[in-house]
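In what follows, every chain begins at residue 1, and chains take the letters A, B, ... in the order their sequences are listed.
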There are 2 protein chains.
Amino acid sequence: MNIRTLCLGILSFQEASGYEIKKEIEEGLFSHFIDASFGSIYPALTQLNAEGLVTLRAEEQTSRPDKKVYALTEAGRTFLAKSIAIIPSRDKYKSEFLFQMLFQDLLPQDFLRLAIEKQLTDLNGDLKCIAECRSVQPQQPKGSEFVAGYGEAVLLAGVKYLEARLAELNKTALKAAQ
Amino acid sequence: MNIRTLCLGILSFQEASGYEIKKEIEEGLFSHFIDASFGSIYPALTQLNAEGLVTLRAEEQTSRPDKKVYALTEAGRTFLAKSIAIIPSRDKYKSEFLFQMLFQDLLPQDFLRLAIEKQLTDLNGDLKCIAECRSVQPQQPKGSEFVAGYGEAVLLAGVKYLEARLAELNKTALKAAQ
DNA sequence: TGATGCATGTAATCCGTTACATGATTCA
DNA sequence: TGAATCATGTAACGGATTACATGCATCA
């Protein structure tokens with residue numbers, strides 16, 4: 001799955017500009033398992049348009065560049081369907097946090113606690129994002145429900161685990177202080 | 001965290017060759033949250049050696065290239081400690097599977113089930129990998145225990161969720177067949 | 001008045017993967 | 001006999017990020 005397919009996917013829900021696509025990736029259900037920057041989105045959209053997979057409509061705006069609104073074509077929808085009808089490559093999960101935890105013996109106790117708390121904040125942030133997506137549009141399509149549920153399940157498991165470890169750390173620290 | 005730091009990390013546990021480092025990344029606790037290929041490991045090791053962060057010892061072998069065994073130096077250990085003593089960037093989780101699930105309405109039912117089953121196989125594979133790491137070396141350092149536990153918690157949550165969804169799908173399919 | 005949001009785009013750069021090159025041994 | 005394991009390395013290529021370029025409106 002590349003950025004082009006991603007844009008196609010988002011446009012299959014609703015027409016949007018490059019800027020709005022970026023926002024959707026950051027704030028929508030995609031946020032916790034997909035990334036994309038302007039530097040990849042804008043060229044992708046231009047290319048998609050050249051290939052006839054999306055159409056382009058320029059909305060004039062005062063004191064701002066024209067808003068270029070892209071919409072999926074039939075060819076685009078077909079292409080998207082074909083793109084996802086393959087057994088996908090394995091999930092790629094990269095965690096600097098876990099790498100750090102693996103060598104936690106090299107870390108000061110206070111810093112360790114801080115790092116875990118930061119990870120907790122991140123996970124809870126993602127969880128909140130999913131909850132918000134659900135509340136904004138309570139009647140979600142099947143796919144969105146599925147993905148939101150998966151995200152919640154996994155994220156929640158991480159939160160619970162980290163909270164338990166943090167509690168242990170605090171208990172140990174308390175004992176040491178006595 | 002780049003490949004160089006990763007190599008340093010693995011060497012902090014035990015001296016190893018490039019080949020063995022790759023194996024450790026694939027089969028060890030790292031496997032589910034880190035990737036690396038020979039094309040990045042070998043150059044990294046060469047560079048690390050040039051910088052004095054690791055030492056190099058060539059083990060002669062019959063009918064095979066010399067095995068280059070690398071070991072962490074004191075400077076290397078210091079560098080590693082410094083490298084992980086920063087608040088790391090957020091986890092990056094990329095999932096083609098979830099992307100696919102988001103647009104599951106475009107997918108045939110049978111294919112959908114297949115995709116979920118494949119994901120289950122992958123997750124269970126990672127789980128098995130962690131269990132094996134634990135059984136091989138039951139008395140793990142604190143960091144390894146932490147990471148293994150986190151992985152298990154998260155992976156297990158994913159498995160449970162997918163199994164529940166799969167059961168639902170099968171029930172629906174059964175009803176439709178009646 | 002200084003950050004944030006809106007809005008688009010290009011170019012340099014990075015970091016890594018994939019493919020290529022080589023070749024003996026062992027296991028099924 | 002063909003695949004997998006052991007063993008190291010280079011070069012081409014890809015795909016995306018980061019930084020740069022521009023500029024008005026709004027909110028604190």
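Side-chain contact between A:Glu74 and A:Arg77: present, with at least one pair of heavy atoms (C-beta onward) separated by less than 4.5 Å.
For the residue pair B:Asn124 / B:Thr121, no side-chain donor-acceptor distance below 3.5 Å is found, with atom types taken as modelled. For the 3.5 Å distance criterion, the side chains of A:Glu51 and A:Gln47 qualify, holding a donor opposite an acceptor.
With ring centers used as reference points, A:Tyr19 lies 6.0 Å or more from A:Tyr42. Outside the 6.0 Å centre-distance limit, the rings of B:Phe103 and A:Phe146 are not counted as a close aromatic pair.
Whole-Å rounding puts the A:Gln47 CD to C:dT8 P distance at 18 Å. Atom CZ in A:Arg57 sits roughly 13 Å away from atom P in C:dA7 (whole-Å rounding). Going from atom NZ of A:Lys94 over to atom P of C:dC15 covers 12 Å, rounded to whole Å. The separation between B:Met1 atom CE and C:dG16 atom P is 8 Å, rounded to whole Å. Atom pair A:Asn49:CG and C:dT8:C1' shows a separation of 15 Å (rounding to whole Å applied). At whole-Å resolution of the value, NZ in A:Lys67 and P in C:dG5 are 16 Å apart. A:Arg4 has its CZ atom 14 Å from the P atom of D:dG14, to the nearest Å.
Proximity of A:Gln61 to the phosphate of C:dA7: a side-chain N or O atom is located under 4.0 Å from OP1 or OP2.
One finds a salt bridge joining A:Lys67 and A:Glu20 here, because a Lys/Arg side-chain nitrogen approaches an Asp/Glu carboxylate oxygen to under 4.0 Å. Classification of B:Arg134 and B:Glu152 as a salt-bridged pair holds, one side-chain N sitting under 4.0 Å from a carboxylate O.
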Using a cutoff of under 3.5 Å, can you pull out all pairs of nitrogen or oxygen atoms linking the protein to nucleotides 9-11 of chain C, with atom names and distances?
residue : atom : partner : partner atom : Å
C:dG9   : OP1  : A:Lys68 : NZ           : 2.1

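Toward the 5′ end of DNA chain D lies the nearest nucleotide of B:Asp66, the other residue of the pair A:Ile3 and B:Asp66 mapping further downstream.
Note: B:Tyr150 OH to A:Ile116 CD1 = 10.5 Å, rounded to the nearest 0.5 Å.
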Inset, instruction - Let me have a per-nucleotide readout for nucleotides 23-28 of chain C, 5' to 3', with B, S or -, counting only protein heavy atoms under 4.0 Å. - result: -SS---
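There is a path of hydrophobic side-chain contacts, each under 4.5 Å, that joins A:Leu120 to A:Leu98.
For the pair A:Arg113 and A:Phe111, the NZ or CZ position fails the cation-pi test of under 6.0 Å to the six-membered ring centre and within 45 degrees of the ring normal. Cation-pi contact between B:Lys94 and A:Tyr93: absent, since separation from the ring centre below 6.0 Å together with deviation from the ring axis within 45° is not met.
For residues 6-37 of chain B, proximity to DNA chain C is found at B:Asp35, B:Ala36, B:Ser37, defined as any non-hydrogen atom under 4.0 angstrom from a strand atom.
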